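To keep things clear, I will list the structure first and then write my remarks on it.
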Protein chains: 2
Amino acid sequence: MSVEDGIDFAIIELFFFAYRDFTSDPDQILADYGFGRAHHRVLHFVNRRPGLTVAELLDVLKITKQSLARVLKQLIDTDHVVQLQGPRDRRQRELYPTAKGRALALALARPQSRRIRAALEDSSATERALVERFLEAMVNPELRAQIDVGSAKMSGKSHGEH
Amino acid sequence: MSVEDGIDFAIIELFFFAYRDFTSDPDQILADYGFGRAHHRVLHFVNRRPGLTVAELLDVLKITKQSLARVLKQLIDTDHVVQLQGPRDRRQRELYPTAKGRALALALARPQSRRIRAALEDSSATERALVERFLEAMVNPELRAQIDVGSAKMSGKSHGEH
DNA sequence: AAATTACGTCAATAGTACTGACATAATCTC
DNA sequence: GAGATTATGTCAGTACTATTGACGTAATTT
């Protein structure tokens, strides 16, 4: 079981190594743009949930608005993200990726996706589902609502350019 | 399959959320000591591989010695880690946890371990092995040597105070 | 004896995060 | 409609983790 003193050092460590290398892929690309991981995270979620508001983004990232400000401003200034006034509530700013932003988000996701594919190479659909279930179970229960496994709810995709 | 454009957004995102919450557990405890995540990582590996040298630690953490310096110094000053002159090569500094250091490492690992246990609650040994294999496969192949799943090689455990 | 290695340290900088405070516009509530 | 609340933006100050580059010392290797 590789558990010692009831402490699961094996998985704790594997998780560290796995995440370290998982995030190292996009880091290379980001450096070319003068961006960091924070930009990646913002761009990822704007791309995944086009039209989400600033408040929603803060909630997903679990950072403060002051932390988001610089990063978001840079993404807007470099034409990766645009803000639109909320239709229902004009105080809100809906965030959308531009074509440029979508392209970068995709470029960043590609090597990560490749790594995942390689890791699941000989895995069945059942095994893949098991890994997904494990990762989901590692998330705080109250926060699982944030997860959007892509099936329903998010039709994204066809949002035009803005 | 929840794959879109050949990009595995589902697992990319799950990995982000899982790691975010996984690291949030120890963060609370660390704050009480005025420590950060860097201290946690150092303490973890010193505890796991007692006697490892500074160079080995740098290699595992993939940071520079200047980054390590401050954090390691604090852990030494607060009596969580001790340095011993290398027996073969007196230039080397072997790092060992003190009893205090081991206690903190354990305290930090406990909530993470609890989270993992909960996530694997209804899982068989086979399923657990599958998750381990997935995480290991996510690590860069050249770096898998760093992993030490606890079975062999590392007898740690019985090192006395130093 | 000279080169290399392991480690420590000083200085300057960058990226990401935080708290606290204040401003503006829009919406909600009484 | 007046006042409270909400969504967002911004300014100032600080902390933590990380970087590069440079230099020093002691020990080992060549």
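Every value quoted in this text rests on a predicted model; they were computed, and no experiment measured them. The basis for the numbers below is simple: all heavy atoms, side chains too, and nothing from hydrogens, waters or symmetry mates. Lettering follows sequence order; numbering is per chain, from 1.
Taking the six-membered ring where tryptophan is involved, the planes of A/His80 and A/Tyr33 are perpendicular, since the angle between them exceeds 60° and thus also 30°.
Every pair passing salt bridge (charged side-chain N to carboxylate O under 4.0 Å, His left out) that includes a residue from residues 63-76 of chain B is listed here, sequence neighbours excluded: B/Lys73-B/Asp77. Note on residues 114-125 of chain B: pairs passing salt bridge (charged side-chain N to carboxylate O under 4.0 Å, His left out), not counting sequence neighbours, are B/Asp25-B/Arg115.
If you check residues 33-41 of chain B against DNA chain D, the residues with a heavy atom closer than 4.0 Å are B/Gly36, B/Arg37, B/Ala38, B/His39, B/Arg41, listed by number. For DNA chain C, the neighbouring residues in residues 60-78 of chain A, judged by any heavy atom under 4.0 Å, are A/Lys62, A/Ile63, A/Thr64, A/Gln66, A/Ser67, A/Arg70.
Going from atom CG of A/Asp27 over to atom P of D/dA18 covers 13 Å, rounded to whole Å. Between the CD atom of B/Glu56 and the P atom of C/dT5 there is a distance of 16 Å, rounded to whole Å. Separating the CG atom of A/Leu30 from the C1' atom of D/dA18 is a distance of 16 Å, rounded to the nearest angstrom. Remark: P of D/dA18 and CG of B/Leu58 are 11 Å apart, rounded to the nearest angstrom. Between A/Gln85 atom CD and D/dG9 atom P there is a gap of 11 Å when expressed in whole angstrom units.
Partners of B/Glu56 by side chain to side chain contact (heavy atoms under 4.5 Å, CB included), not counting sequence neighbours, listed by chain and number: B/Leu52, B/Thr53. Among residues two or more places apart in sequence or in another chain, the salt bridge (Lys or Arg N to Asp or Glu O under 4.0 Å) test is passed with A/Arg41 by none. For B/Val81, the side chain to side chain contact (heavy atoms under 4.5 Å, CB included) partners are B/Leu43, B/Val46, B/Leu72, B/Leu75, B/Ile76, B/Leu95, not counting sequence neighbours. Applying the salt bridge (Lys or Arg N to Asp or Glu O under 4.0 Å) test to B/Asp21 and every residue at least two apart in sequence or in another chain returns nothing. A search for salt bridge (Lys or Arg N to Asp or Glu O under 4.0 Å) contacts involving B/Arg91 returns B/Asp89, not counting sequence neighbours. Judged as a side chain to side chain contact (heavy atoms under 4.5 Å, CB included), and not counting sequence neighbours, A/Gln28 has no contacts.
When each of A/Phe17, A/Phe15, A/Phe16, A/Phe22 is checked for a ring-ring contact (aromatic ring centres under 6.0 Å, His included) with B/Tyr19, only A/Phe15 meets the rule.
Nucleic acid contact for A/Gln83: sugar-phosphate only, since backbone atoms but no base atoms lie under 4.0 Å from a heavy atom of the residue.
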Please report the C-alpha distance between A/Arg128 and B/Asp8 in whole Å, then the side-chain angles of each, then the deciding distance to 0.1 Å, and finally whether the salt bridge (Lys or Arg N to Asp or Glu O under 4.0 Å) criterion is met.
-> CA-CA 12 Å; A/Arg128 185 203 156 87; B/Asp8 202 332; 2.8 Å; yes
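A/His44 and B/Glu13 are linked by a side-chain donor-acceptor pair at a separation below 3.5 angstrom, with hydrogens and angles left out of the test.
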Nucleotides 27-30 of chain C: which of its N/O atoms have a protein N/O under 3.5 Å away?
unit_1, atom_1, unit_2, atom_2, d
C/dT27, OP1, A/Arg90, N, 3.0
C/dT27, OP2, A/Arg90, NH2, 3.4

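The rotation axes computed at either terminus of the helix from C/dA1-D/dT30 to C/dC30-D/dG1 lie 20° apart, taking five pairs at each end and rounding to 10 degrees.
Side chains of A/Leu104 and A/Leu108 form a contact here, defined as non-hydrogen atoms less than 4.5 Å apart.
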